Protein chains: 4
Amino acid sequence: MRAKRTRAQQTDERRLAIVAAALDAFVESGFEATKISDVAARAGVAKGTVYLHFADKEALFEAIVRDALSPVVQGIGAISTDGVASVRSLFEAFALPLMLDIVESRRGDVLRLLISEGRRFPRLAEFYHAEILTPAKAHIQRLLCKAVENGELRNPGLAEYPLLVAAPMLMSVIWAGLFQRLDPIDFEALFRTHLDTLFMPGA
Amino acid sequence: MRAKRTRAQQTDERRLAIVAAALDAFVESGFEATKISDVAARAGVAKGTVYLHFADKEALFEAIVRDALSPVVQGIGAISTDGVASVRSLFEAFALPLMLDIVESRRGDVLRLLISEGRRFPRLAEFYHAEILTPAKAHIQRLLCKAVENGELRNPGLAEYPLLVAAPMLMSVIWAGLFQRLDPIDFEALFRTHLDTLFMPGA
Amino acid sequence: MRAKRTRAQQTDERRLAIVAAALDAFVESGFEATKISDVAARAGVAKGTVYLHFADKEALFEAIVRDALSPVVQGIGAISTDGVASVRSLFEAFALPLMLDIVESRRGDVLRLLISEGRRFPRLAEFYHAEILTPAKAHIQRLLCKAVENGELRNPGLAEYPLLVAAPMLMSVIWAGLFQRLDPIDFEALFRTHLDTLFMPGA
Amino acid sequence: MRAKRTRAQQTDERRLAIVAAALDAFVESGFEATKISDVAARAGVAKGTVYLHFADKEALFEAIVRDALSPVVQGIGAISTDGVASVRSLFEAFALPLMLDIVESRRGDVLRLLISEGRRFPRLAEFYHAEILTPAKAHIQRLLCKAVENGELRNPGLAEYPLLVAAPMLMSVIWAGLFQRLDPIDFEALFRTHLDTLFMPGA
DNA sequence: AATGAATGAGGTTTCATTCAT
DNA sequence: AATGAATGAAACCTCATTCAT
């Protein structure tokens with residue numbers, strides 16, 4: 001039995017519980033409609049404890065979203081494009097599972113949250129733009145250039161607009177949040193069709 | 001007939017003023033953060049007057065959004081696809097200006113509002129899905145089928161996924177709301193590149 | 001029966017009730033220890049009503065104190081020194097009752113409140129200094145100069161320090177608040193002895 | 001004996017640090033507005049440590065004020081009036097520097113604190129009355145009686161009201177706290193004029 | 001003895017909603 | 001039909017106090 005944890009460990013666990021609870025609550029209800037008392041209850045701590053870790057509701061919100069996004073930031077930096085023969089197969093191997101994960105997981109929830117609240121948290125929008133969108137755009141662009149070199153792309157002009165490549169993913173995230181229960185979409189098939197549109201057939 | 005309006009006309013005008021004010025307010029601040037007193041002030045009426053026309057804040061919100069979307073509903077029903085020779089030219093003639101309008105106008109604001117609050121107003125999401133998305137999807141699909149017939153589409157499989165055609169518009173609306181000030185995009189060029197990707201060259 | 005009051009009259013009455021209740025509460029407990037809910041309960045209104053009339057607790061406090069002091073401001077301006085034969089008899093006729101009133105009435109409470117909270121409400125201290133202390137000092141000084149002319153003053157140098165004439169009043173106000181119940185003082189006799197000290201005997 | 005202090009000494013030092021910090025804090029902000037965490041931070045100890053030495057905030061407050069006043073209690077008991085030739089010169093030699101010190105030092109701060117909070121801490125008011133005011137009054141009275149014997153006093157009736165002699169000091173303390181920055185007074189000159197008023201000229 | 005994380009009662013303030021005029 | 005003063009529930013946040021370490 002080593003159930004005994006140190007004081008510091010308990011504190012850390014509590015902080016993590018608050019972060020997790022807050023993410024759930026914000027995702028479920030949005031910023032304004034989320035009550036700190038609800039976050040505390042979900043985390044199994046008293047209201048005041050939330051304020052030991054975060055100065056106020058806004059700070060909690062920003063910290064939560066940043067925390068949830070930072071693994072994405074890391075992930076983007078880690079992708080390499082060296083020695084890639086077929087860009088399409090790279091997309092199928094990496095981008096497709098990534099997209100399916102984002103659409104259905106907590107990461108998609110955070111993205112939806114960011115889309116919903118970004119207007120009122122410009123700092124978060126800036127963070128997301130600087131740390132995620134811009135690197136991701138650059139990365140996609142590198143891949144598209146390589147695809148152009150390989151003659152894989154149907155429309156070489158796409159290399160100028162990497163966002164067009166990512167648009168279906170964004171749409172899927174939103175669809176998943178709002179309409180999937182009404183009108184389910186097969187996101188994998190959708191994404192494969194997207195790839196068929198971008199790349200030469202039989203590549 | 002002089003400037004004197006009938007009682008009924010005055011009432012209608014007031015209702016319209018409230019609707020317009022509420023749309024502005026909700027678009028600007030979202031549902032929770034919008035105060036009825038602010039709506040009333042913008043509309044130039046007293047707080048109580050808002051409650052003569054709408055049962056409560058939620059009813060006001062839903063009515064506003066429905067109202068704002070209904071012209072779109074009408075518009076979609078009115079489009080005809082008879083005797084169209086080039087689907088691409090149809091997109092360029094109609095869809096491009098429509099998209100630019102949506103991205104930059106009040107309609108885009110409403111769409112962003114719907115994306116933000118849709119989770120907490122499932123009835124609105126259902127309305128939007130039934131009255132706008134589904135007809136719009138059907139319409140695009142008809143056009144894509146015609147394009148397939150004409151041999152215009154690079155990837156005939158697209159006809160099964162009309163949402164892929166609309167994805168860049170959705171992305172543009174979101175970009176316009178969150179990132180345009182940080183990193184401006186030329187939406188027209190983006191959309192033209194999208195068309196170049198969908199359609200055969202030299203069509 | 002004209003018990004029927006107009007809406008505006010009722011509102012005014014409510015405001016007055018709040019002002020009176022707040023004065024009582026602040027005098028009794030000081031600024032920090034006074035609860036808005038207590039003020040509201042004393043005034044017989046809901047908590048929110050207090051905020052219809054005053055922006056926040058500080059605004060309420062300042063308004064209350066200013067209101068309570070303004071009749072004093074008026075009173076000081078109205079005193080005349082023309083054609084006064086004996087300054088001492090003037091003091092006996094006017095200053096003595098004034099002092100006794102201040103020591104024992106609501107006005108004394110306000111003065112004690114100001115002394116207690118003045119540090120944290122510098123604007124109030126400035127107001128009091130500008131609108132009450134300075135005119136009062138000037139007035140006393142005019143009287144003392146006349147007394148010097150008349151040869152009534154034992155120490156003509158007093159005319160330079162009118163505050164010395166007022167000091168016993170201030171002391172009495174503080175004594176009344178803190179020690180009168182422990183050790184009662186006859187304020188009238190005290191003040192007469194003060195006059196005996198200031199003025200030549202048999203004047 | 002080296003720099004190493006015993007456990008008991010350390011504890012005493014800590015207690016003194018808390019007392020000093022608390023006095024500063026209470027003087028600066030008053031009872032309600034002073035936070036225990038602030039006291040602890042100023043004293044360089046943890047919040048809990050304050051509670052090892054004082055049962056609660058009220059006990060801390062009362063202890064602080066009593067501690068701060070006790071040297072005054074001692075001082076008053078130590079003054080002797082034996083073999084004094086001129087009471088006025090005694091006042092000039094002792095009371096004048098004492099007053100200037102009180103007005104400008106920490107002792108004046110404590111007096112202001114007592115005036116501000118005395119209503120809500122009746123035990124402190126009683127302590128101050130019993131241990132300081134009453135002995136001080138008695139002492140002044142003895143001096144005044146001697147002055148009457150010497151024929152120094154302009155108004156022998158003053159001997160019945162020793163508070164009148166002290167009133168300018170109280171006024172000066174309050175003035176120093178509230179108005180000195182707006183309208184500076186020369187407290188020494190004020191006090192000399194006071195003595196000139198009390199005592200026969202050329203004494 | 002000392003710490004400081006945790007608590008939760010309690011305070012201020014906001015605002016959707018009502019209703020007498 | 002229109003008003004806007006009044007309400008009071010409910011949210012945020014603070015801080016005196018406790019207690020496990």
Side-chain angles (χ1 to χ4, degrees), chain A residues 4-12 14-15 18 32-40 44-58 60, chain B residues 7-8 10-11 14-15 32-41 44-60, chain C residues 4-12 14-15 18 32-40 44-58 60, chain D residues 7-8 10-11 14-15 32-41 44-60:
Chain A
K4 209 143 186 185
R5 285 149 301 179
T6 68
R7 187 78 154 308
Q9 277 173 329
Q10 276 199 358
T11 298
D12 280 357
R14 248 182 259 259
R15 190 196 156 94
I18 292 169
E32 292 275 359
T34 294
K35 295 173 278 184
I36 293 291
S37 62
D38 185 41
V39 171
V45 301
K47 239 183 320 177
T49 307
V50 176
Y51 288 92
L52 289 180
H53 295 278
F54 302 93
D56 55 21
K57 201 182 167 186
E58 291 204 11
L60 174 60
Chain B
R7 178 70 66 83
Q10 277 196 359
T11 299
R14 245 182 256 263
R15 192 195 151 94
E32 289 278 355
T34 293
K35 294 177 275 185
I36 294 290
S37 64
D38 184 37
V39 171
V45 302
K47 240 187 310 179
T49 306
V50 176
Y51 285 88
L52 294 177
H53 294 275
F54 302 93
D56 56 20
K57 199 182 167 187
E58 294 204 3
L60 174 60
Chain C
K4 208 145 186 187
R5 286 148 301 179
T6 69
R7 187 81 156 304
Q9 276 173 330
Q10 276 198 0
T11 298
D12 280 357
R14 246 181 262 260
R15 190 195 156 94
I18 292 170
E32 291 276 358
T34 294
K35 295 172 277 183
I36 293 291
S37 63
D38 185 40
V39 172
V45 301
K47 243 184 313 178
T49 306
V50 176
Y51 287 90
L52 290 180
H53 295 277
F54 302 94
D56 56 21
K57 201 181 165 186
E58 291 204 12
L60 174 60
Chain D
R7 178 70 66 84
Q10 277 197 0
T11 299
R14 247 181 255 263
R15 191 195 152 93
E32 290 278 354
T34 293
K35 292 176 276 185
I36 294 291
S37 63
D38 184 39
V39 171
V45 301
K47 241 187 309 178
T49 306
V50 176
Y51 286 88
L52 295 176
H53 294 276
F54 302 93
D56 57 21
K57 200 180 165 188
E58 296 204 1
L60 173 60

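Values reported hereafter were calculated over all heavy atoms of this structure, with side chains retained and with hydrogens, waters and symmetry mates removed. Quick note on labels: first sequence line is chain A, next is B, and so on, each numbered from 1. Keep in mind that what you see is a predicted model, and the values were worked out from it rather than measured.
Here the P atom of nucleotide dT14(E) and the OH atom of Tyr51(C) are 7 Å apart, to the nearest Å. The distance from atom CG of Asp56(B) to atom P of dC15(E) is 17 Å, rounded to the nearest whole Å. Atoms CZ (Phe54(A)) and C1' (dC12(F)) sit 16 Å apart, rounded to a whole Å.
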Letter per nucleotide, 5' to 3', of nucleotides 3-10 of chain E [B base touched, S only sugar-phosphate touched, - untouched; heavy atoms, 4.0 Å]
BBSBBB-B
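Under the rule for a side-chain contact (heavy atoms from CB on, under 4.5 Å), the partners of Asp56(D) that lie at least two apart in sequence or sit in another chain are Glu58(D), Ala59(D). Among residues two or more places apart in sequence or in another chain, the side-chain contact (heavy atoms from CB on, under 4.5 Å) test is passed with Ala41(D) by none.
Separating the OG1 atom in Thr6(A) from the CG atom in Asp12(A) is a distance of 8.0 Å, to the nearest 0.5 Å.
Between Glu32(B) and Glu58(C), the residue whose closest nucleotide on DNA chain E is further toward the 5' end is Glu58(C). Two residues, Ala33(B) and Ile36(C), neighbour DNA chain E, and the one matched to the more 5' nucleotide by heavy-atom proximity is Ile36(C).
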Less than 3.5 Å apart, which donor and acceptor atoms pair up between the side chains of residues 46-53 of chain C and the rest of the protein, not counting sequence neighbours?
| from | atom 1 | to | atom 2 | distance (Å) |
| --- | --- | --- | --- | --- |
| Thr49(C) | OG1 | Ala46(C) | O | 3.4 |

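Closest non-hydrogen pair, Glu32(A) versus Lys57(A), comes out as O-NZ, 3.2 Å.
Among the duplex regions that DNA chain F forms, those built from at least three successive Watson-Crick or G-U pairs under 3.5 Å are E:2-21 with F:2-21, ordered by first number.
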